[in-house]
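Everything below concerns the one structure shown next.
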Amino acid sequence: MHYQTESWGSYLPAARPVGVLAGDPVERIERMAAESAVVIFSVSTCCMCHAVKSLLCGMGVNPTVHELDHDPRGKELEKALARLSGAPPSAAVPVVFIGGKLVGAMDRVMASHINGTLVPLLKEAGALWL
Amino acid sequence: MHSRHPLMCTDQSPSQVLNSFQSQSKFGSSKSGGESTDSGSGVNTNTLSSSVAEAQREAESPVSAKVSSSLDHQKLQTPMEMAASDTSTLPSPSQSASKAAHDKRKGGSTSEKQLDAKTLRRLAQNREAARKSRLRKKAYVQQLESSRIKLTQLEQDFQRARSQGFFLGACGGANISSGAAIFDMEYARWLEDDHRHMLELRTGLQAHLPDGDLRVIVDGYISHYDEIFRLRGVAAKSDVFHLITGVWATPAERCFLWMGGFRPSELIKILITQLDPLTEQQFMGICSLQHSSQQAEEALSQGLEQLQQSLVDTIAGGPSIDGMQQMAVALGKLTNLEGFVRQADNLRQHTLHHLRRILTVRQAARCFLVIGEYYGRLRALSSLWASRPRESMMNYDNSHQTTSDLHIVQATQNHFSNF
């Protein structure tokens, strides 16, 4: 069992199941993704992340942004995200979740916007109103 | 008209010439293909061989002096050439040689001589025509050969230059990377293909082809665009600046470039007016496409702006920052450029594919024709602009100005006759 005490301590390790699953990056990601209608995993210095934030905010969405460079275990999360989205580890972010489900990196987000599937998805998740 | 006799034109003895005819009989039969004299020579073989015999006898008489002097200018031709060029008029030289030998023993009369003279002249004219034809053919072949050698040399030079990273020609000797040079070449080929696709689209529409056939052409055009996006992806990896600054494009295109290529929402604006009649649903679909494209473009532009700002912050840093470190960080940031060009190309590609889905086959064909023609005209505009007559700095005379305007209009009309 191993856990890290975080300076802004978000949970109590004792209350959680011990073992490999505790703090498992993928699980953390899924948990974070489920917390809001639209979740963006980002790095504060990444310009493409800025672009995807601009896109969603410009559409009237209010996304929850997790800056992984501000997370002490950010590197792990980045690697896990890269595996999930199929991107190379160097371009792990941005990754977008809508309604708790993985949409993908910038190319997938833009493709779904052009195809006209992004807006219905956002409405379904309650992120957009008419 | 100089009559020409093979035996009179060489320094060889007649028997030597005949021997050379015999040895070249193979050449003779293969050459007899396309020459007009051959049909004549077949009929005239007997007459020829007897006239050969006559000429032989004449060579030993004083009469021959006149004939041989008039033929002096023919001695420029080498004996071998003479023999080779004349061989085709003797399909069976061995046969005629033995006949000639046989005829030697006959005596000749005056009437025979006269008949032979006419025939000789006719045959000589035929031979002359054949000889000239062969000379022309030879000259042409030589020209082809030297062109081939020159082409091979040029190809070798180009390969060598390319591997050294030079591109001579349009860039005026400026160094460009091999990735960029390769892309420029492939883009040039793509433009040729584009022209071909456009012709197909145009003729397909005008011929009112059935939808099935038209669909094949339209899908072919989509694949054609998929191909350029693939090539751009490769080029972006090796030389993103070449792509994003539009070095590959003509000046007018380059001026209005967005992220290394066309702006999808602009394209849709052009199409909307040219694509009626559209159904209500189609019109809504296209407006929606234009809107989402605009939003995506705006997002990418903002991302790129942030990249530029970040770069500026890095390299405009104060003296306290380590120079090498600064450069290393800046280089790292520059690598993001490729991502932006890739995303912009993705946007372009998805837009074209979605357009294809919204429209019927005929509408899609018209749509791609409009796109192709638009860019063709933009490229033409670049050429016209470059070649427009410019007034001298000293002369502000109005009449001079209208003349050059007229020239521009004329040139434009000429250029657009293709459209």
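Numbers restart at 1 for each chain; the letters A, B, ... are given by sequence-line order, proteins then strands. Below, all heavy atoms of this structure are taken into account, side chains as well, without hydrogens, waters or symmetry copies.
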Problem set entry | A:M48 portion near chain B, given a 4.5 angstrom heavy-atom threshold | both
For this session: Would you mind checking which part of B:Q343 comes under 4.5 Å of any heavy atom in chain A, side chain (CB onward), backbone (N, CA, C, O), both or neither?
Result: both
Problem set entry | Interatomic distance, B:Q302 atom CD to A:L55 atom CG [nearest 0.5 angstrom] | 10.0 Å
For this session: Measure the spacing between CD of B:Q349 and CD1 of A:I114 and express it to the nearest 0.5 Å.
Result: 12.0 Å
Exercise. Between A:M106 and B:L300, is any pair of side-chain heavy atoms under 4.5 Å apart?
Worked result: yes
Exercise. Which of the residues B:N336, B:T335, B:L307 is involved in the greatest number of heavy-atom pairs with chain A at under 4.5 angstrom?
Worked result: B:L307
Seminar exercise, completed: Honestly, the part of A:C46 sitting under 4.5 Å from a heavy atom of chain B is backbone
Problem set entry | side-chain hydrogen bond (donor to acceptor under 3.5 Å, both in side chains) partners for B:S292, two or more places apart | none
Problem set entry | For the student: nearest non-hydrogen atoms of B:A296 and A:M110, plus distance | CB-SD, 3.9 Å
For this session: Mind checking the CG-CG spacing from B:L347 to A:D107? Nearest 0.5 Å is all I need.
Result: 11.5 Å
Problem set entry | Minimal non-hydrogen separation, A:A51 against B:G303, with atom names | CB-CA, 4.0 Å
Exercise. Around A:E35, counting heavy atoms of other residues, nucleotides and ligands shown, do more than 12 lie under 6.0 Å from its CD?
Worked result: yes
Problem set entry | Whether over 12 other heavy atoms sit under 6.0 Å from B:R362 CZ | yes
Exercise. Is the count of non-hydrogen atoms from other residues, nucleotides or ligands lying under 6.0 Å from A:D69 atom CG greater than 12?
Worked result: yes
Exercise. Around atom CZ of B:F283, are there more than 12 heavy atoms of other residues, nucleotides or ligands at under 6.0 Å?
Worked result: no
Seminar exercise, completed: Taking every heavy atom of B:H354 against every heavy atom of A:N115, the minimum-distance pair comes out as CE1-O, 3.4 Å
Exercise. Looking at SG of A:C47 and CD of B:E305, how far apart are the two atoms once the value is rounded to the nearest 0.5 Å?
Worked result: 11.5 Å
Seminar exercise, completed: So SG of A:C49 and CD of B:Q306: to nearest 0.5 Å the spacing works out to 9.0 Å
Exercise. For B:Q308, does the CD atom sit with more than 12 other heavy atoms under 6.0 Å from it, leaving out its own atoms?
Worked result: no
Exercise. What part of B:R342 gets closer than 4.5 Å to chain A, counting heavy atoms only: side chain, backbone, both or neither?
Worked result: neither
Exercise. Tell me, side chain or backbone of B:S288 under 4.5 Å from chain A's heavy atoms, or both, or neither?
Worked result: neither
Exercise. To the nearest 0.5 Å, what is the distance between CD (B:Q295) and NE2 (A:H113)?
Worked result: 4.0 Å
